[in-house]
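Note that these values count all heavy atoms, side chains included, but never hydrogens, waters or copies made by symmetry.
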Amino acid sequence: LLKEAEREREVKDGELASAKELHQAEVGQLERRLVGQEEAFKKELSSAQEELEAAVSAAASETERLEKLRGEEVAAAADRHRAEVEAVKKDAERQHEAEM
């Protein structure tokens, strides 16, 4: 009876050892999968950050371009206005001379 009980204990110990090995293997597999997911997430995050930085840079360049264009348009409008004022002045001077 004692030998049978010891044999049953050895069988259960063997089952427990097998279960423990299986559990450790599953834990290892889960850890590897988590590491892989973490690396993939880091790569995705890095890529998204690069895209965001590129978009910010493009927006800054576009803003600079538009500001330059606006400045050129304002300068051109001022030039046109000065030319119109000069033309009106000359026209007024001619009329004044004609009246004299």
Side-chain angles (χ1 to χ4, degrees):
L1 186 66
L2 187 60
K3 282 190 173 197
E4 189 176 319
E6 187 159 325
R7 198 167 48 83
E8 284 181 20
R9 188 178 59 82
E10 287 175 1
V11 169
K12 288 196 186 237
D13 285 349
E15 290 173 354
L16 285 174
S18 293
K20 183 177 179 181
E21 287 176 20
L22 181 61
H23 175 72
Q24 287 176 339
E26 289 174 349
V27 167
Q29 186 179 22
L30 287 172
E31 286 176 346
R32 286 188 297 279
R33 190 166 61 179
L34 284 175
V35 167
Q37 288 175 345
E38 181 180 13
E39 289 174 3
F41 176 73
K42 284 179 181 178
K43 286 178 184 176
E44 187 177 329
L45 182 60
S46 177
S47 176
Q49 187 173 2
E50 289 173 6
E51 288 177 20
L52 179 59
E53 289 171 357
V56 167
S57 177
S61 295
E62 183 64 7
T63 298
E64 184 178 322
R65 185 187 74 79
L66 290 173
E67 287 174 352
K68 182 180 176 187
L69 182 60
R70 185 180 331 139
E72 291 170 355
E73 288 175 351
V74 168
D79 289 346
R80 285 191 303 273
H81 178 71
R82 281 192 287 278
E84 290 171 6
V85 167
E86 197 60 36
V88 168
K89 273 177 148 182
K90 286 182 180 179
D91 190 40
E93 287 175 2
R94 280 190 216 115
Q95 283 182 355
H96 182 68
E97 289 175 5
E99 290 173 1
M100 296 276 203

Is the shortest side-chain heavy-atom distance between Glu72 and Leu69 below 4.5 Å? yes
Measure the CG-CD distance between Leu45 and Glu50 for me, rounded to the nearest 0.5 Å. 10.0 Å
Roughly how far, to the nearest 0.5 Å, is the CD atom of Glu6 from the CG atom of Asp13? 9.5 Å
Working to the nearest 0.5 angstrom, can you tell me the gap between Glu10 CD and Arg7 CZ? 9.0 Å
List the residues meeting salt bridge (Lys or Arg N to Asp or Glu O under 4.0 Å) with Arg94, not counting sequence neighbours, and say none if there are none. none
Please check this pair: side chain of Ser47 against backbone of Lys43, looking for a donor-acceptor N/O pair closer than 3.5 Å. no
Nearest 0.5 Å, please: how far is CD in Gln24 from CD in Glu31? 10.5 Å
Quick one: CD on Glu15 to CD on Glu8, what's the gap to the nearest 0.5 Å? 10.5 Å
I'd like to know if Glu67 pairs up with Arg70 as an ion pair, taking the criterion as any Lys NZ or Arg NE/NH1/NH2 lying under 4.0 Å from an Asp or Glu carboxylate oxygen. no
Here the gap from Leu2 atom CG to Arg9 atom CZ, rounded to the nearest 0.5 Å, amounts to 9.5 Å
If you measure from the Lys or Arg side-chain nitrogens to the Asp or Glu carboxylate oxygens, is any gap between Lys42 and Glu38 under 4.0 Å? yes
Just by distance, do the side chain of Ser57 and the backbone of Glu53 share a donor-acceptor pair under 3.5 Å? no
Can you check whether Arg32 reaches Gln29 side chain to side chain, under 4.5 Å on heavy atoms? yes
